[in-house]
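For reference, the structure discussed in these notes is given below.
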Protein chains: 2
Amino acid sequence: MTLSDVANRAGTSVATASKALNSRAEVAPETRERVLRAAAELSFQPNVLARGLISGRTRTVGLLTDELGGRFAIPILLGAENALGNGQMSVLLCDARGDAIRRQHYIRTLLARQVDGFIVVGDSNDVRPSLTQDIPVPVVYAYAESTDPNDLSIVADDEGGARLAAEHLVSHGRRRIGHITGPDTYRAARDRAAGLRTVLAEAGLTPAGDPLYGEWSQRWGRHAARLLLAARPDVDAIFCGNDQVAAGAADTLRDLGRRIPDDVAIVGYDNWEFFAADCRPPLTTVDLNLEQLGAAAVNHLFAAMDGNAGSGVIRQPGRLVVRESTGPVLHH
Amino acid sequence: MTLSDVANRAGTSVATASKALNSRAEVAPETRERVLRAAAELSFQPNVLARGLISGRTRTVGLLTDELGGRFAIPILLGAENALGNGQMSVLLCDARGDAIRRQHYIRTLLARQVDGFIVVGDSNDVRPSLTQDIPVPVVYAYAESTDPNDLSIVADDEGGARLAAEHLVSHGRRRIGHITGPDTYRAARDRAAGLRTVLAEAGLTPAGDPLYGEWSQRWGRHAARLLLAARPDVDAIFCGNDQVAAGAADTLRDLGRRIPDDVAIVGYDNWEFFAADCRPPLTTVDLNLEQLGAAAVNHLFAAMDGNAGSGVIRQPGRLVVRESTGPVLHH
DNA sequence: GTCCTCTCCGAAAACCGTTTCAAAGCGGGG
DNA sequence: CCCCGCTTTGAAACGGTTTTCGGAGAGGAC
């Protein structure tokens with residue numbers, strides 16, 4: 001991408017190419033055109049180092065994630081990459097795989113490459129140690145909340161999402177609503193349970209038993225649904241902590257002859273299409289809007305790079321996706 | 001972030017700072033310490049351009065994908081990122097979302113950033129147009145086969161993987177083996193069917209009906225299994241084109257009272273843990289070894305960057321993952 | 001043919017950040 | 001006081017790219 005490459009491609013000398021690109025006189029229009037075209041084709045950019053302009057934004061941001069294999073980082077990454085592309089920026093991707101040493105190594109690597117900013121993508125929407133003191137460029141935390149309140153964190157609003165789901169169930173006439181979810185070590189699980197609890201309290205309802213905390217698997221969903229039905233045979237809705245659990249619960253309900261949604265409605269969480277849309281019946285669920293979350297992270301990073309750094313925690317609202325598992329509206 | 005900044009901050013001269021950072025002698029321990037601290041504080045990184053290393057190596061490769069949202073690109077990316085990290089390189093990620101204009105834009109962007117090479121990650125292990133003529137640096141195609149035989153493509157060996165699955169079923173005494181898979185527009189579906197056909201022919205068996213081509217969904221797996229059982233009530237094994245289809249087929253078998261694996265064995269494909277391991281029963285399936293595929297792509301890219309460019313198609317073998325859906329060995 | 005203008009080129013110069021080199025400071029011991 | 005080793009430094013060297021400058025061709029007008 002050096003000037004001589006451009007000159008070479010344009011079939012001209014370096015000197016002429018330089019003049020053409022700097023809009024100086026003494027270069028024939030046809031030649032200038034040729035040089036400009038060659039420069040465009042090679043997406044040539046004058047080497048800033050040679051001039052005085054070193055304050056060179058590399059227009060690259062580092063994206064540091066911990067669980068790229070999981071299913072949350074990807075939509076965030078897609079949203080971020082899209083937003084960055086609109087700003088003509090690129091993303092350098094690093095997956096620390098949850099290892100602190102690896103993470104420090106990647107931070108150094110990215111800094112060596114002079115990224116203009118960092119997006120730290122969490123894996124569980126939970127609190128995580130701030131990395132900002134190690135990083136002299138702007139940082140935004142996405143799907144994670146930094147321990148340092150001066151950092152800017154953008155998290156999914158689990159409590160709000162759960163409220164959407166619970167309100168949907170309540171407004172459809174469900175009155176005895178159980179909750180099956182993942183490990184209570186996950187803040188997401190606790191927040192979702194809290195959202196449900198709040199809505200039920202507001203509606204004057206009592207939960208059908210305590211939330212069943214277990215794991216984020218279909219297997220647990222199947223097992224817990226049996227437990228729930230045994231303890232509370234009259235439940236008319238189950239709000240599940242994610243779609244896998246919901247798919248498992250739906251399995252058990254069918255095995256036990258309960259009709260969905262006629263006898264029992266089910267709501268999942270995450271809107272993981274492979275499970276939610278292909279379930280029997282397709283699941284009503286809450287979409288985390290992770291792509292918007294990623295895009296929001298980028299926009300806040302841009303603002304920080306322009307000197308308008310924010311701080312605190314921003315909650316990205318979810319979105320209820322209604323499918324057949326909650327059935328038509330019930331009047332009561 | 002220049003050396004003089006560091007020297008300034010350390011209260012020393014540029015020359016001394018240089019020696020301190022390069023671990024040369026003739027610098028007092030106390031001074032060296034001061035310089036190192038200043039460098040760390042400024043996260044200084046020597047400007048590579050000034051050394052002899054300029055020969056264009058930015059130690060960055062561009063990874064161009066089409067369907068990051070799909071589940072195949074990610075493991076490849078992880079494998080590649082891991083292999084690159086070992087070589088102290090980084091990956092610039094771009095997702096063209098299947099759009100040709102977007103793809104060209106990203107190619108230009110990545111070239112402008114002087115990536116040392118490209119990895120083009122496909123979304124379906126199928127043939128795709130070569131991009132090499134647009135790219136003046138080495139290119140390796142992963143999970144895709146370039147139309148240009150002079151390019152180097154690394155694909156998953158679908159036929160070989162299907163043979164592993166089929167041989168497993170045959171060696172466990174299954175004799176009436178049906179096949180349910182995705183659309184026959186997918187080469188993966190056709191290759192997997194071909195692998196099964198070959199093994200059955202070698203074993204002197206006839207397939208239980210023609211392969212049922214449909215879609216890659218659980219829903220189709222459920223539906224097709226009903227069709228298969230109606231047409232061939234005596235099938236004792238179903239090889240499914242992927243794990244979702246297999247999970248759907250397992251659903252139907254349970255609904256119809258067939259025991260898995262006692263009456264009918266099931267084998268999936270892809271080893272998508274969420275479906276395969278959490279199925280009832282857990283699925284025997286074929287793992288594509290996508291991480292190795294990504295790592296292999298990187299290694300071939302390194303070779304190409306060193307001037308040893310390869311060409312042709314390399315088939316990355318799969319790996320059989322045995323779970324309960326094919327049961328214990330049957331003696332016959 | 002000669003002159004003039006316009007265009008382009010090769011070589012040299014300028015710029016930048018880093019490294020190297022030779023010389024200068026500095027303190028202590030003889 | 002002088003010598004000597006250690007440390008530091010300013011200036012020059014280096015490798016890289018871009019810009020500048022004088023000159024060389026080409027083509028037309030007279």
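Sequence lines set the chain letters: A, B, ... in the order given, protein chains first and strands last, and positions in each chain run from 1.
- Taking only side-chain atoms of A:V14, from C-beta outward, the nucleotide of C:dT7, D:dT19, D:dT9 with the closest atom is D:dT19.
- Among the nucleotides D:dT20, D:dG10, D:dT18, the one closest to any side-chain atom of B:S13 is D:dG10.
- A straight line from CG of A:D5 to C1' of D:dT18 spans 13 Å, rounded to a whole angstrom.
- Side-chain atoms of A:K19 and base atoms of D:dT18 include no donor and acceptor less than 3.5 Å apart.
- In this structure, the separation between CD1 on A:I74 and CD1 on B:I74 is 3.0 Å, given to the nearest 0.5 Å.
- Comparing atom distances between the B:L3 side chain and each of D:dC21, C:dT7, C:dT19 picks out C:dT19 as nearest.
- Considering only side-chain N and O atoms, B:T16 lies nowhere under 4.0 angstrom from the phosphate OP1 or OP2 of D:dT8.
- Between the side chains of A:N82 and A:E291, no donor-acceptor pair is found at a separation under 3.5 Å.
- D:dA26 atom C1' lies 17 Å from atom CD of A:E26, rounded to whole Å.
- Listed candidates were D:dG10, D:dT18, D:dT19. Nearest to the side chain of A:N22 is D:dT19.
- B:T2 comes within 4.0 angstrom of the backbone, heavy atoms only, and of no base.
- The phosphate of D:dT9 has OP1 or OP2 within less than 4.0 Å of a side-chain N or O from B:T12.
- Listed nucleotides C:dC21, D:dT18, C:dT19 differ in distance to B:S18; the shortest reach to its side chain belongs to C:dT19.
- The side chain of A:A15 has D:dC21 as its nearest neighbour among D:dC21, D:dT8, D:dG10.
- Between the A:D306 side chain and the A:N308 main chain, no donor and acceptor come within less than 3.5 Å of each other.
- Here the nucleotide nearest the side chain of A:R24, chosen from D:dT20, C:dT19, C:dT20, is D:dT20.
- In this structure, B:N8 places its CG atom 14 Å from C1' of D:dT9, rounding to the nearest Å.
- Separating the CE atom in A:M89 from the CE atom in A:M305 is a distance of 4.0 Å, to the nearest 0.5 Å.
- Taking atom CZ of B:R34 as the reference point, atom P of D:dT7 lies 13 Å away to the nearest angstrom.
- Applying the side-chain hydrogen bond (donor to acceptor under 3.5 Å, both in side chains) test between A:D66 and each of A:R102, A:R128, A:R97 identifies A:R128 as the sole match.
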